[in-house]
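What follows is a short report on a single structure.
First listed ligand is number 1; within each ligand, the first listed atom is number 1. Fair warning: this is a prediction, and the values are worked out from it, not measured in the lab. The residues of the chain are indexed from 1 along the displayed sequence. Heavy atoms only: backbone and side chains are in, while hydrogens, waters and symmetry mates are out.
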Amino acid sequence: MEEFHKVRRLPPYVFEEVNRKKAAARARGVDIIDLGMGNPDLPTPSFVVDKMCEVIRDPRTHRYSASKGIAGLRKAQAGYYARRFGVKLNPDTEIVATLGSKEGFANMAQAITAPGDVVLCPNPTYPIHAFGFLMTGGTIRSIPARPDEEFLRAVDRAVRHSIPKPIAIILNYPSNPTAYEADLDFYREIVAFAKKHEIILLSDLAYAEIYFDGSPPPSVLQVEGAMDVAVEFTSMSKTFSMPGWRVGFAVGNQRLIAALARVKSYLDYGAFTPIQVAAAAAINAGDDIVRDARDIYRHRRDVLVESFGRSGWDVPPPSSTMFAWVPIPERYRDMGSLEFSKLLIEKADVAVAPGIGFGEHGDDFVRIALVENEHRIRQAARNIRRFLASEENAGQKVSAAGA
Ligand SMILES: Cc1ncc(COP(=O)(O)O)c(C=O)c1O
């Protein structure tokens with residue numbers, strides 16, 4: 001029987017293949033060190049959990065909540081944007097709370113896309129950036145992931161040559177998976193371009209608070225006039241170690257926010273009210289609680305770079321996000337990222353995310369997530385060292401035998 005139209009646009013997640021291999025190894029009793037999925041392992045701050053427990057006892061909170069988020073949560077998010085970016089937002093018309101930023105992004109795509117609309121999407125990128133649009137009948141044109149002159153040339157070329165003209169450009173800095181960062185000068189250029197060509201900007205700022213060196217990542221909405229064309233998505237998942245709670249936000253241009261709110265009003269009643277109250281408490285608590293998580297990720301980053309480097313596999317240090325984007329060692333590059341990732345599970349008991357899962361231009365890389373503690377990261381490095389050494393010996397034996 002022929003596959004459903006929509007399902008045909010959603011090939012099986014590449015990561016599933018690695019996950020199956022991982023599950024099979026674990027079933028055999030192997031201790032796999034899992035640096036694959038970006039699933040934060042740190043506990044949610046305890047006062048947030050306490051707030052949730054307190055509020056859940058009030059039966060009034062058990063009813064349907066508000067689809068676009070309770071007023072207190074939207075107000076808290078307005079406070080964050082004012083404090084952190086100096087951006088003033090109207091909580092009623094410029095902010096929607098979402099069921100995680102992934103849901104917000106996908107439903108924004110659904111709200112604004114007509115069949116055949118072209119969207120400019122970085123490659124490699126976090127899968128929902130492309131599949132959110134593919135699911136709704138849109139078409140993707142790939143652009144480079146690195147926010148530089150080549151990126152600007154590529155969007156210019158795309159606007160001149162795509163038919164129909166692109167409706168939107170996706171931005172994601174700091175980026176998953178590459179950890180590339182954008183500065184305000186870049187945002188100024190892209191906002192001016194978007195305004196000139198009447199193109200929407202969708203900025204995914206999920207890693208706004210996970211940064212280690214240099215200055216904090218900016219928001220595209222800091223650029224004057226950005227509110228005319230841009231919406232930005234943020235997430236509680238990484239910032240407050242709340243991935244399972246499913247709270248995120250879309251903020252910015254009123255027309256776009258109204259379109260998202262309209263779609264959501266047909267689909268959901270918002271997150272459970274106690275979750276929203278606890279999320280508001282987390283945001284209002286200020287920046288100290290974020291600092292602890294940031295310090296842990298920074299330390300893990302340092303351990304990863306140092307221990308893997310000593311094992312013979314150089315890891316370029318990311319200065320933000322919870323990921324390292326690592327070139328596959330030269331001698332394995334031809335096999336591609338999926339086969340290499342499977343080999344690492346088999347021979348080194350280490351799971352990573354194959355770069356191909358983020359797009360064809362990611363195939364020379366794997367993504368390593370900082371979601372295991374430093375001891376486990378060091379153990380992974382020792383396993384890798386053993387794996388690389390044994391492969392080298394095997395290679396020498398082969399060439400000696402062939403000589
Ligand atoms: C760039 C990016 N955007 C969005 C998300 C999804 O976040 P949320 O848990 O808020 O849906 C992730 C999660 O890994 C991400 O890396």
Side-chain angles (χ1 to χ4, degrees), residues 13-15 19 34-42 44 48 69 73 77 80 95-110 121-133 135 145-147 168-182 201-211 217 219-220 231-252 260 264 267-268 270-271 275-276 278-279 282-283 290 293 297 318 320-325 352-355 357-359 362 365-371:
Y13 234 34
V14 173
F15 306 116
N19 287 345
D34 192 355
L35 308 173
M37 193 178 172
N39 190 356
D41 62 315
L42 306 178
T44 301
V48 181
L73 179 58
Q77 180 69 349
Y80 166 71
I95 301 180
V96 167
T98 60
L99 307 174
S101 64
K102 195 178 188 185
E103 178 271 327
F105 193 92
N107 278 325
M108 179 64 86
Q110 174 164 208
C121 186
N123 188 328
T125 198
Y126 183 62
I128 196 68
H129 296 155
F131 286 100
F133 288 96
M135 263 192 282
R146 199 190 288 275
I169 302 172
I170 314 302
L171 305 171
N172 171 216
Y173 305 108
S175 150
N176 175 12
T178 60
Y180 294 152
E181 296 170 355
L201 295 177
L202 299 178
S203 164
D204 180 344
L205 191 56
Y207 298 95
E209 302 305 328
I210 312 298
Y211 58 86
S219 155
V220 71
V231 161
E232 191 157 73
F233 299 85
T234 54
S235 170
M236 304 285 296
S237 300
K238 322 290 159 136
T239 304
F240 297 100
S241 305
M242 295 172 70
W245 298 58
R246 310 311 300 134
V247 185
F249 298 92
V251 311
L260 174 61
K264 281 177 66 62
L267 292 176
D268 68 65
I275 287 181
Q276 296 194 50
I283 297 171
V290 183
Y297 287 127
S320 53
T321 77
M322 48 198 292
F323 307 113
W325 184 237
V352 298
F358 305 94
F365 293 78
V366 295
R367 191 196 69 180
I368 300 182
L370 303 169
V371 292

If the plane angle is over 60° it's perpendicular, under 30° parallel, otherwise tilted; pick one for F105 and H129.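 The arrangement is tilted - the two ring planes meet at 30° to 60°.
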Under 3.5 Å, is there a donor-acceptor pair between the side chain of E232 and the main chain of L205?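 No, E232 side chain to L205 backbone: no donor-acceptor pair under 3.5 Å.
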Backbone of A206 reached by a side-chain donor or acceptor of T234 within 3.5 Å: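 Flag not set: sc T234 to bb A206 has no pair under 3.5 Å.
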At less than 4.0 angstrom from any atom of ligand 1, which residues have a non-hydrogen atom? List them by chain and residue number.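 Ligand 1 is contacted, at a heavy-atom distance under 4.0 Å, by G100, S101, K102, Y126, N172, N176, D204, A206, Y207, S235, S237, K238, R246.
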To the closest 0.5 Å, what do you measure between [atom1] ([X]) and [atom2] ([Y])?
{"X": "L202", "Y": "L171", "atom1": "CG", "atom2": "CG", "value": "8.0 Å"}
{"X": "F365", "Y": "T178", "atom1": "CZ", "atom2": "OG1", "value": "9.0 Å"}
{"X": "R367", "Y": "Y126", "atom1": "CZ", "atom2": "OH", "value": "8.5 Å"}

